[in-house]
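Basis for what follows: all heavy atoms, side chains included, without hydrogens, waters or symmetry-related copies. We're numbering straight along the sequence, starting at 1. Indexing begins at 1, ligand by ligand and atom by atom, following the structure's order.
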Amino acid sequence: MHHYLHIRSRLSVSSSSMARGQLLQQILIITSLHLISLSTQQETNFVYSNFTSQENLYLDASAKVLLPSGLLQLTNNSDYQMGRAFHKKPIDQSITSSFSTHFVCALAPKPGVEGGHGLTFLVSSSLDFSFAQATRYLGAFNASTSNVLAVELDTIWNPEFNDIKTSDGHVGIDVKSPISIAVAPSSYYSDTRGKNVSVNLLSGNPIQVWVDYEDSVLNVSLAPIEAKKPSRPLLSQRINFSDIFPDNRSELFVGFSAATGNAVSDHYILWWSFTTSKGGGGGSQLDISKLPRVPHPKPLPTVRPKAPRKKLPRWIIGLVAFLAVVTLAVLAGVCFHRRKKFLEVSETWEKEFDAHRFSYKSLYRATKGFSKDEFLGKGGFGEVYRGSLPQGRQIAVKRVFHNGDEGVKQFVAEVVSMRCLKHRNLVPLFGYCRRKRELLLVSEYMSNGSLDEHLFDEAKRILSWKERLVVVKGIASALWYLHTGADQVVLHRDVKASNIMLDEEFNGRLGDFGMARFHEHGGSAATTAAVGTVGYMAPELITMGASTGTDVYAFGVFVLEVTCGRRPVEPQLEGEKRHMIKWVCECWKKDALLDAVDQRLGDEFSPEEVEMVMKLGLLCSNIVPESRPTMEQVVLYLNENMPLPEFSPYTLGIGTFAPVLVDAASLVVSSASWSWSASSSTNHSPYAYQARDQPWGQTIETKDSLHIVLEPEKPKTQTLSSAVKAVTLPAEDLESNLSSISSQR
Ligand SMILES: *[C@@H]1O[C@H](CO)[C@@H](O)[C@H](O)[C@H]1NC(C)=O
Ligand SMILES: *[C@@H]1O[C@H](CO)[C@@H](O)[C@H](O)[C@H]1NC(C)=O
Ligand SMILES: *[C@@H]1O[C@H](CO)[C@@H](O)[C@H](O)[C@H]1NC(C)=O
Ligand SMILES: *[C@@H]1O[C@H](CO)[C@@H](O)[C@H](O)[C@H]1NC(C)=O
Ligand SMILES: *[C@@H]1O[C@H](CO)[C@@H](O)[C@H](O)[C@H]1NC(C)=O
């Protein structure tokens, strides 16, 4: 009506003859006024390029505008939500004849989660949607009918609502109920490709939707954001508006709704234009570059695909692991080896001796790992090595291997107590160390070796008589000290030339304390084996055991050894010379005592001195213990402070060689149980002799000395080095000696 009037007035004005400029101005003002009134009353046009300004918006339920992007969010990713947004102002009745709307939406599910349920464009007679339900009712309907026209972008297949099953969602037209009266898979007709192209509603990407109504036909189209409006609508459906909205007078509202259920999506409207003018819309006003960005929901941590980490090749990992294992194994092995190498045995009873204990490690270092270069010799019971302690002190380390730990305690106690013994003719003992089956004795290093080297080793300088006398006097003094000078009586048990060491001034020093005894203890404690060295053992040793007297006997043999320069028993010599004591006595009987003197001394000696010393040797080696002097007396005789007692080579017990003297009683009693068997493998030895029926025991020859071990119960050859040879002295000598001794008794 106004329109016509306006045109008519314009025509009338243009036909008048008034001043043109004035008239034109008037006309323009009138025209613009009329246009404004037209748009407010007869047409509705609006564009939401974003939703930052919310004054024209009616937001319902969970719908909200995200700032600062201005993105309209109908629902977030929570479940069972619905949200609605309407243009607040009602649209006038012209909508019933035609309208066009164009909007951009996005449905963004979480990756890996089923998206849903979808959104609708709504034309409603009311803003009151309290009846509406979420999930499949899309926040716009309930089970009953309501005065609503909806265009749905549905992402869930609900067959009862005429939905169609597609992988990308579907588009439908719903009138008064969620049951679609028209439905199509979400797609668009592409002119360029000449076919329908599917549009995934849940891609999260912006989608353009066009809804056009004219001449009772509702067309619906959609397309990706970059595409133009399709030339053919996806849906074209005849709609009777007065059927949907019976009350012609009622106002109508336009807007959107969306809902989630089990399946959730973010539902967004990015841009929206609406017009009721015929042929309006068309999407020309859409500027894609100004659209707010759609936030893509962060993936759930549980379903988040793992960031493709740079993976090392398997073989490298394997190699590294292998190397690590090998390194660990080697380290562990080294540690274990070191531990084992330096492992010591220490028991609680040793606590009190701690001060005298050396660590195996320090001894190992001092002897350069018991190297061959430091090897000094093999003694009766062990190997001796030279060593130097960090302070530069020279030591000798004797390594004794033993089978059992029995007797070790007593031996260690004795060793430690011997530390307290101080005499210039004793080898100073520093301490000990103990390992499994191994005992180490640390003493001072004697630079000039042992006495027997200087008596029998042709390579060494032969000692003069003066030097020999000094040594003999020194050893006598040491034994005197041991027997009487210390707190308790100390028995050496193995006095012989090879156990006497020479210091740098050629002083004799008695060493190897208690070794024989230790060896005895090393065996079974039940046995009462007499241990010593054949030729040096007093005959009563077997029955009476060790005493100061047995030490005196050995000293006597030693004195003769030094004077005669020969060993007590030399089996290779013929007849009377074989046994030193016997021979010396024979010489005396012939009144030619000096015949027995070491020929190597020449005549550089005092005959009186030598004769006196030889007689003293015979006196000490008397087989009758009571007839032997004490060490105190020996020292007095040697220093000529006291003359030797009167005795002759025919005196009872003088000059009688008896390796062992077994008295008749013990012989009878024990002969049945004694077992004598030299190892058969050693029978080839020139001195080997099967003493199976002989009661005086088994003698064992080592490199430089003869040891005798007597056992009442069982042979104990296993306690001795397997390298030793079983040897006994010629049978007839032993028998004759024994019978002569027996008859003398
Ligand atoms: C649907 O909503 C209407 C009001 O619009 C109400 O009367 C009706 O009871 C509701 N139906 C259901 C099933 O909720
Ligand atoms: C394209 O889709 C429409 C609507 O679903 C359908 O009617 C038409 O047959 C389809 N055309 C092609 C080529 O698939
Ligand atoms: C709806 O689509 C048909 C063709 O499918 C077309 O002829 C008609 O003009 C369209 N109407 C509107 C309002 O776009
Ligand atoms: C629309 O529906 C109303 C009432 O339901 C009816 O009177 C009218 O004839 C219908 N118009 C068309 C074009 O179908
Ligand atoms: C004895 O020891 C001293 C000092 O160590 C040394 O000078 C001398 O050569 C040694 N004598 C012999 C015979 O070894």
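Ligand 3 has a nitrogen or oxygen under 3.5 angstrom from a nitrogen or oxygen of N219.
A distance below 6.0 Å separates the ring centres of W271 and H102. With ring centers used as reference points, Y268 lies 6.0 Å or more from F256. Checked against the 6.0 Å centroid threshold, F253 and Y58 do not count as a close aromatic pair.
Between F274 and F99, the ring-plane angle classifies as parallel under the 30° and 60° cut-offs.
Protein residues having a heavy atom under 4.0 Å from any atom of ligand 2 are A184, N196, L234, listed by chain and number.
Residue contacts with ligand 1 leave out S146, since none of its heavy atoms falls under 4.0 Å from the ligand.
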Please test Y48 against W272 for ring-ring contact (aromatic ring centres under 6.0 Å, His included), starting from the C-alpha separation and ending with a verdict.
-> CA-CA 5 Å; Y48 287 96; W272 182 24; 5.7 Å; yes

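Looking only at side-chain heavy atoms (C-beta outward), L153 and H267 stay at 4.5 Å or farther from each other. Side-chain contact between K89 and E251 is absent, with no heavy atoms from C-beta onward closer than 4.5 Å.
For ligand 1 and N142, the ligand atoms under 4.0 Å from any heavy atom of the residue are 1 (C), 2 (O), 3 (C), 8 (C), 10 (C), 11 (N), 12 (C), 14 (O).
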